[in-house]
Amino acid sequence: MVVLAVHGGAGGDGPWRGMTDADPQRVACMESLLDELGQRLTNGELDALEAVTLAVEAMENEPLFNAGLGSVLDENGQAGMDASIMRGEDQAAGSVIGLTTTRHPVRAAQHLLLKGWPIMLAGPPGDEFANEHGVEQMERTWFETKLRRAQWKKWKSQRLRPGATDEEDALLDHDGDEEGWGTVGAVALDVHGHVAAATSTGGMTGKPVGRVGDTPIIGAGTWADQTIAVSCTGVGEAFIRTAAAHSVAVHHRVVGLEEAADKVLNEVEPLGGRGGLIAVNTEGKVVMPFQTMLMYRGVYIDGTCRVGIGPDFIQS
Ligand code: ASP
């Protein structure tokens with residue numbers, strides 16, 4: 001059995017209001033990557049690590065998700081990207097923080113994982129490392145889209161102080177703005193019974209320069225071990241304070257996957273971190289819970305692909 005699950009960010013308040021004009025493009029991105037990579041996972045061409053890397057790269061390429069091209073803009077109106085990846089079988093990990101020129105931050109993180117040391121690189125040395133390992137470099141302005149500039153202007157006009165400094169006040173990249181969803185992540189189970197997880201983000205609109213969310217923190221936004229892989233999305237500070245992704249792994253050994261995932265989201269929520277997560281265990285069980293209005297998500301299990309945004313999966 002193989003599994004590939006992805007998310008494209010969680011957010012919003014109140015009841016699901018149906019698809020926006022931009023949603024078919026996001027859905028198409030998820031469907032096509034699940035279809036292609038799911039088949040390649042099934043025939044053994046891809047292992048879990050490469051499958052999650054390619055899945056996240058495909059979403060980093062989609063400007064309507066908040067990762068790679070189309071990342072949200074920080075307080076200075078510039079993109080700064082975080083990503084991490086973890087391989088379950090040996091708990092190898094790689095993570096990059098605040099990249100500004102690397103087209104695919106998740107690929108840079110994978111190179112760190114494969115190299116083995118160090119695990120994390122922040123700022124320009126992360127971009128330099130990526131460049132040295134053949135990961136495509138772009139002008140900083142290449143990552144900016146009209147949509148993100150418009151969101152940033154809206155943030156700027158509504159906020160007198162630069163950036164949000166506490167969770168209460170934090171401006172999730174997508175909250176209150178139907179056009180701005182998006183951190184991305186993937187988890188996979190391959191034909192060898194191994195799992196991996198990866199997450200990539202531009203963070204939050206108006207974030208202070210240098211702010212680090214949960215996405216590049218191993219154990220907070222991303223986790224994989226011999227039994228489970230997890231990728232989270234939501235207000236990062238609360239996911240850091242609860243070591244959310246790792247916590248799912250710990251609880252799941254005791255109470256099972258579904259209960260563990262709900263338990264952790266319930267711990268995250270009072271800290272101001274409503275969001276969601278995706279997880280798969282080595283038995284092939286998948287969960288995709290979220291406590292927001294929506295979470296872009298999709299899953300491929302043994303030839304069948306399902307994608308959802310609101311509470312239900314889309315019927316195809
Ligand atoms: N977790 C991300 C961060 O805090 C944002 C998100 O998932 O939407 O940077």
Side-chain angles (χ1 to χ4, degrees), residues 6-13 26 56 59-60 62 64-68 70-75 78-85 95-99 105-106 109 120 122 148 151 155 163-187 197-223 230-248 264-265 268-269 271-279 288-297 309:
V6 296
H7 71 75
D13 283 321
R26 298 184 180 104
V56 168
M59 295 173 93
E60 287 174 339
E62 169 50 66
L64 290 175
F65 290 122
N66 171 21
S71 286
V72 300
L73 307 181
D74 66 17
E75 62 182 343
Q78 293 183 307
M81 300 165 287
D82 303 333
S84 69
I85 188 163
S95 158
V96 286
I97 296 171
L99 300 192
V106 72
M120 302 177 88
R148 298 311 186 194
Q151 287 174 339
W155 167 80
T165 51
D166 61 62
E167 293 88 338
E168 287 265 293
D169 205 11
L171 185 70
L172 192 58
D173 64 273
H174 28 61
D175 260 353
D177 187 335
E178 295 198 359
E179 294 302 316
W181 324 92
T183 289
V184 307
V187 295
T199 317
S200 180
T201 190
M204 291 168 156
T205 301
K207 67 181 180 181
V209 172
R211 177 256 184 190
V212 182
D214 62 316
T215 300
I217 309 285
I218 299 300
T222 304
W223 179 259
V230 186
S231 171
C232 301
T233 176
V235 180
E237 283 68 12
F239 285 79
I240 294 172
R241 289 166 63 195
T242 50
H246 180 255
S247 192
V248 174
V264 169
L265 288 183
V268 166
E269 197 272 341
L271 304 184
R274 275 183 328 120
L277 61 86
I278 56 173
M288 319 183 90
F290 55 101
Q291 295 189 335
T292 42
M293 178 178 79
L294 63 79
M295 181 168 78
Y296 290 93
R297 62 202 187 282
I309 305 176

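Values reported hereafter were calculated over all heavy atoms of this structure, with side chains retained and with hydrogens, waters and symmetry mates removed. As the structure lists them, so they are numbered: ligands from 1, and atoms in each ligand from 1.
- No donor-acceptor pair closer than 3.5 Å links the side chain of E237 to the backbone N or O of G273.
- The proximity of T215 to ligand 1, defined as any non-hydrogen pair under 4.0 Å, is limited to the side chain.
- Checked against a 3.5 angstrom limit, the closest N/O atoms of T183 and ligand 1 fall inside it.
- For atom 4 (O) of ligand 1, the nearest non-hydrogen atom from the set K207, R211, M204 belongs to R211.
- Between G234 and ligand 1 there is a heavy-atom distance shorter than 4.0 Å.
- Under the 3.5 Å distance criterion, with hydrogens and angles disregarded, a donor-acceptor pair is assigned to the side chains of T222 and S84.
- Under the 4.5 Å side-chain criterion, counting only non-hydrogen atoms from C-beta, M59 is not in contact with S200.
- Residue contact check: T233 has heavy atoms under 4.0 Å from atoms 6 (C), 7 (O), 8 (O) of ligand 1.
- Near D214, meaning under 4.0 Å from one of its heavy atoms, ligand 1 places the atoms 1 (N), 2 (C), 3 (C), 4 (O).
- Between the side chain of D74 and the main chain of G206, no donor-acceptor pair closer than 3.5 Å is present.
- Salt bridge annotation for D13-R274: present, with a cationic side-chain nitrogen under 4.0 angstrom from a carboxylate oxygen.
- Within the 3.5 Å criterion, the main-chain N or O of G185 finds no donor-acceptor partner in the side chain of T199.
- Residue contacts with ligand 1 for M81 are absent, since no atom lies close enough (heavy atoms, distance under 4.0 Å).
- The distance criterion of under 3.5 Å between nitrogen or oxygen atoms is not met by V235 with respect to ligand 1.
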